[in-house]
Protein chains: 2
Amino acid sequence: MSRKRWRAVKEIRIADVARLAGVSTATVSRVLSDPDKVRQKTHDLVMEAVQRSGYIPNSTAQKLRTRRTMNVLVIAPRLTNPVFAEILRGVDDELTQSGYGIIIGNLDNRREREARYVDLALSRQVDGVLLLTGYIPENGARSMRDSGLPIVAMCAAIHEDGIPNVVVQDREATRKAVEYLARLGHRRFGYISGTLGSIIEAERFAGFCEGIAAAGFSWDDFVRWEGPFVFSTGVAAAEAFLQMRDRPTGIFAACDESAIGFIKHVRAERIRVPQDVSVIGFDGIEYADYTEPTLTTFRQPLHELGRVGADVLLKLIHNQMKPEDWSIRLPVTLLERETTGPVLHKDYKSLRRSTV
Amino acid sequence: MSRKRWRAVKEIRIADVARLAGVSTATVSRVLSDPDKVRQKTHDLVMEAVQRSGYIPNSTAQKLRTRRTMNVLVIAPRLTNPVFAEILRGVDDELTQSGYGIIIGNLDNRREREARYVDLALSRQVDGVLLLTGYIPENGARSMRDSGLPIVAMCAAIHEDGIPNVVVQDREATRKAVEYLARLGHRRFGYISGTLGSIIEAERFAGFCEGIAAAGFSWDDFVRWEGPFVFSTGVAAAEAFLQMRDRPTGIFAACDESAIGFIKHVRAERIRVPQDVSVIGFDGIEYADYTEPTLTTFRQPLHELGRVGADVLLKLIHNQMKPEDWSIRLPVTLLERETTGPVLHKDYKSLRRSTV
DNA sequence: ACACAAGATGTAATCGATTACAAAAATCGA
DNA sequence: TCGATTTTTGTAATCGATTACATCTTGTGT
């Protein structure tokens with residue numbers, strides 16, 4: 001009994017308001033959703049009853065009847081990575097404006113958690129899905145698409161009919177990263193990967209390889225360190241780097257966090273950045289402004305990406321477009337800062353361990 | 001017509017499955033929610049129909065009937081701050097296990113956005129609310145509590161009947177921070193605030209003042225720089241700091257991001273940390289491991305905080321406790337790292353501008 | 001003042017599940 | 001085999017709104 005005390009609050013239903021105002025439930029509903037449909041006098045009458053009773057419509061009942069949940073599911077690989085937090089801000093800005101809510105699906109870098117959110121989507125708890133993740137093959141995306149649910153891919157492009165892509169030109173950017181390093185005189189490269197199996201990593205690595213080829217290098221001219229999009233991947237890469245005889249001098253990291261982890265770790269071992277090794281990141285997160293030295297990186301238009309993605313999803317939900325009409329690729333911009341520079345040891349093909 | 005193509009997927013209802021299996025909807029429902037209540041044979045029959053039709057229950061209808069939404073609202077001040085992302089991870093881990101979903105309410109540091117989420121909660125879109133924010137006075141929290149909605153405060157403690165607090169001992173920690181700096185020989189202090197008007201900032205500043213008093217100093221022995229919990233607050237503080245004649249040597253920042261912003265900016269002006277100025281942060285975010293020098297800070301048990309808060313909320317939702325039974329205060333631990341050290345200029349009460 | 005159109009309101013069906021209660025079927029003991 | 005008991009299944013009410021359609025009011029033009 002006493003444990004019920006805090007929950008014992010009477011729920012006011014639309015029928016209560018109707019009775020209080022002496023009208024039908026239909027009229028109350030109309031006052032609340034389409035005031036022009038009722039006479040001013042009735043409107044005031046009803047509104048007073050609403051005020052007096054403190055009525056707030058039960059949104060679940062509304063959802064059932066109108067068949068719109070006014071919620072969108074956002075599936076993200078990891079929330080602690082500011083990249084996704086920032087995209088989410090953009091999404092939020094756009095959706096909030098239209099009265100939509102956000103249900104968050106956080107994979108925490110564990111792919112198997114995806115299934116749960118696919119189920120959630122398929123049980124019609126949401127009107128649409130924004131996919132900030134993507135794995136190869138993309139079964140989750142397909143099954144949601146097949147169920148008729150509007151869905152937008154905002155990781156790297158998912159090449160499936162009925163799934164518009166709102167992505168950045170990461171492939172092109174990564175290619176440019178290699179060219180940029182090559183132009184600075186680098187001849188031996190390092191690639192710090194992102195989450196294996198993710199489409200986004202595949203895209204970036206493909207771009208990297210294109211860059212290697214375009215600059216006239218071969219597969220033997222780079223090493224690849226693997227790991228998810230986190231700080232520690234960069235640290236692990238740094239450890240491997242420090243063990244090498246012929247160390248690369250031009251490093252590209254598929255995300256800023258890895259780049260930061262790498263730099264922190266090699267500097268602790270008295271490797272100078274950029275004099276001994278140049279590092280280029282990807283993302284343009286705010287942290288990268290506060291590292292020492294400040295990180296050269298590609299800035300993704302994260303907030304805009306979020307807004308545009310949400311906007312496309314809303315258009316899809318409102319049937320204002322066909323999915324195939326939309327595939328947007330936003331540009332990324334290179335921020336040349338302090339972690340990249342020309343190769344100093346011109347005679348060496350690479351920075352040898354003994355020179356440190 | 002063609003624009004409808006992607007949405008033209010027949011929805012399968014429980015009645016369809018019932019017809020397919022030759023039973024009533026009640027039986028289908030029972031098979032799905034309480035299989036022991038039906039005969040094995042019927043069970044198999046129904047399950048086959050479910051499989052064949054690809055039936056997934058409409059969760060909105062379930063919610064309406066059962067009066068449980070299986071969703072929880074989490075109101076957070078800002079998602080790009082990893083503190084909240086990390087707490088959210090803990091919350092997510094706990095809630096996902098119990099089948100609950102998370103609706104995110106991101107204030108983006110703008111207090112006026114709170115109203116929207118209070119409405120969302122009051123319209124019964126969620127079964128409970130986790131409040132990672134809190135302002136003075138706490139009207140939002142009160143009105144949700146009054147409506148009978150389970151709610152847990154996870155910012156600093158909200159002192160209201162019916163609202164359990166799951167918080168960290170930030171007041172005590174902040175007091176210790178001052179004592180720690182005093183023990184290192186610092187005599188003049190700086191306090192970089194968090195978001196003004198937030199309960200959490202009030203708590204930390206109160207702790208700071210307690211520390212000042214406890215260590216035998218007066219109001220004249222510290223300066224306070226104000227701003228929200230972001231990097232740029234630290235930068236602004238650094239700018240003010242650089243303009244001062246009698247600079248403090250012991251700085252406490254109410255969050256790690258501000259501390260990092262401060263350090264970055266003063267180091268760019270050739271102030272050495274910790275030789276010229278000691279800085280102590282609060283939060284223990286991952287990025288604080290990667291700054292140079294590494295940040296001395298208080299580590300909040302963020303993930304645990306999230307788990308415990310979610311756990312308390314679930315107990316509340318399931319009526320397994322009364323709110324007043326629970327107020328939990330988790331300890332924070334001081335991580336002594338590289339941004340704090342003894343005062344070098346013993347003769348000076350503070351670091352004068354000319355000595356730089 | 002009357003006929004008719006336009007506007008306001010009410011009645012009742014509907015969204016898609018769960019579940020109390022009733023009815024039917026299966027099980028059991030004598 | 002029969003009646004009593006237990007188990008399984010079905011019928012229909014219910015959750016709380018929206019909205020198509022019917023009905024009743026009001027307003028307009030003649």
Side-chain angles (χ1 to χ4, degrees), chain A residues 9-47 49-50 53-71 99 119-120 122-127 147, chain B residues 9-47 49-50 53-71 99 119-120 122-127 147:
Chain A
V9 175
K10 64 188 175 310
E11 301 279 321
I12 295 124
R13 302 185 316 294
I14 197 171
D16 301 323
V17 179
R19 196 172 329 111
L20 205 64
V23 298
S24 72
T25 63
T27 300
V28 176
S29 176
R30 277 188 283 254
V31 167
L32 261 29
S33 58
D34 198 351
D36 303 335
K37 287 245 145 101
V38 303
R39 228 183 359 194
Q40 184 64 40
K41 210 169 120 193
T42 334
H43 174 271
D44 297 345
L45 206 64
V46 169
M47 282 314 281
V50 168
S53 61
Y55 170 68
I56 297 176
N58 181 316
S59 68
T60 304
Q62 291 179 313
K63 287 171 193 193
L64 177 60
R65 179 60 227 233
T66 61
R67 310 172 116 292
R68 291 207 265 89
T69 67
M70 297 305 277
N71 277 142
D119 284 353
L120 187 148
L122 294 179
S123 67
R124 275 144 287 175
Q125 294 199 42
V126 294
D127 297 337
S147 84
Chain B
V9 174
K10 67 192 171 310
E11 302 279 322
I12 296 123
R13 301 185 317 294
I14 197 171
D16 300 323
V17 179
R19 196 173 328 110
L20 206 63
V23 298
S24 74
T25 62
T27 299
V28 176
S29 177
R30 279 189 280 254
V31 167
L32 260 31
S33 58
D34 197 352
D36 303 336
K37 287 244 146 98
V38 303
R39 231 185 356 197
Q40 184 63 41
K41 209 169 121 193
T42 335
H43 174 271
D44 297 346
L45 206 64
V46 169
M47 282 315 283
V50 168
S53 61
Y55 170 68
I56 296 177
N58 179 318
S59 68
T60 303
Q62 291 178 313
K63 286 171 195 196
L64 178 59
R65 179 59 227 232
T66 61
R67 309 169 118 300
R68 290 207 265 89
T69 67
M70 297 305 278
N71 276 142
D119 284 353
L120 187 148
L122 293 179
S123 67
R124 276 143 288 177
Q125 294 198 43
V126 293
D127 296 336
S147 85

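It should be emphasised that the depicted structure is a prediction, and the values quoted were computed from it without experimental measurement. Each chain gets a letter, A, B and so on, in the order the sequences are listed, and its residues count up from 1.
Backbone-only engagement by A:T27 is indicated by non-hydrogen atom pairs under 4.0 Å involving sugar-phosphate atoms exclusively.
Note that the NZ atom of B:K41 and the NE2 atom of B:H43 stand 15.0 Å from one another [nearest 0.5 Å]. If you take CG on B:L64 and CG on A:L64, they are separated by 5.5 Å, rounding to the nearest 0.5 Å.
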Return a table of donor-acceptor pairs under 3.5 angstrom between the side chains of residues 28-36 of chain B and protein atoms on other chains or two or more places apart.
| unit_1 | atom_1 | unit_2 | atom_2 | d |
| --- | --- | --- | --- | --- |
| B:S33 | OG | B:S29 | O | 2.9 |

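Annotation: of the two residues near DNA chain C, A:D36 and A:T25, the 5′-most nearest-nucleotide partner is A:D36. Between B:A61 and B:G22, the residue anchored nearer the 5' end of DNA chain D, judged by the nucleotide with its closest heavy atom, is B:G22. Across the interface with DNA chain D, nearest-nucleotide mapping of B:R124 and B:Q40 shows B:Q40 to be the residue nearer the 5′ end. Mapped onto DNA chain C by nearest heavy atom, A:K41 and B:L64 fall at different nucleotides, with A:K41 at the one closer to the 5' end.
Closest approach of A:I12 and A:Y55 over heavy atoms only: O-CD1, 3.4 Å. Nearest approach of B:A18 to B:S24, heavy atoms of both residues: CB-C, 3.7 Å. Annotation for B:V46 and B:V17: closest pair O-CG1, 4.4 Å, computed over non-hydrogen atoms. Annotation for B:G99 and B:M70: closest pair O-CE, 3.8 Å, computed over non-hydrogen atoms. Across B:A49 and B:A21, no two heavy atoms sit closer than the pair CB-CB, 3.8 Å. Between B:Q125 and A:K63, the shortest heavy-atom distance links the atoms OE1-NZ, 3.0 Å.
The backbone N or O of A:S59 sits nowhere less than 3.5 Å from a side-chain atom of B:S123 that would complete a donor-acceptor pair.
Taking 4.0 Å as the cutoff to heavy atoms of chain B, we find the contact window on DNA chain D bounded by D:dT8 to D:dG16.
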For nucleotides 20-28 of chain C, give me every protein contact, N/O to N/O, under 3.5 Å, one pair per line with atom names.
none

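Of the residues in residues 53-60 of chain B, B:Y55, B:P57, B:N58 come within less than 4.0 Å of DNA chain C through at least one heavy atom, sorted by number.
Rounded to 10 degrees, the angle separating the terminal axes of the helix from C:dA1-D:dT30 to C:dA30-D:dT1 is 30°, with each axis obtained from five end pairs.
We find that B:E11 and A:R124 are joined by a salt bridge, their nearest charged nitrogen and carboxylate oxygen being less than 4.0 Å apart.
Between A:R19 atom CZ and C:dG10 atom P there is a gap of 14 Å when expressed in whole angstrom units.
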- request: Could you give me the CA-CA distance, side-chain angles and deciding distance for B:T69 and A:T60, then say whether side-chain contact (heavy atoms from CB on, under 4.5 Å) is met?
  value: CA-CA 8 Å; B:T69 67; A:T60 304; 4.1 Å; yes

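Applying the salt bridge (Lys or Arg N to Asp or Glu O under 4.0 Å) definition to pairs two or more places apart or across chains, those involving residues 17-26 of chain A are A:D16-A:R19.
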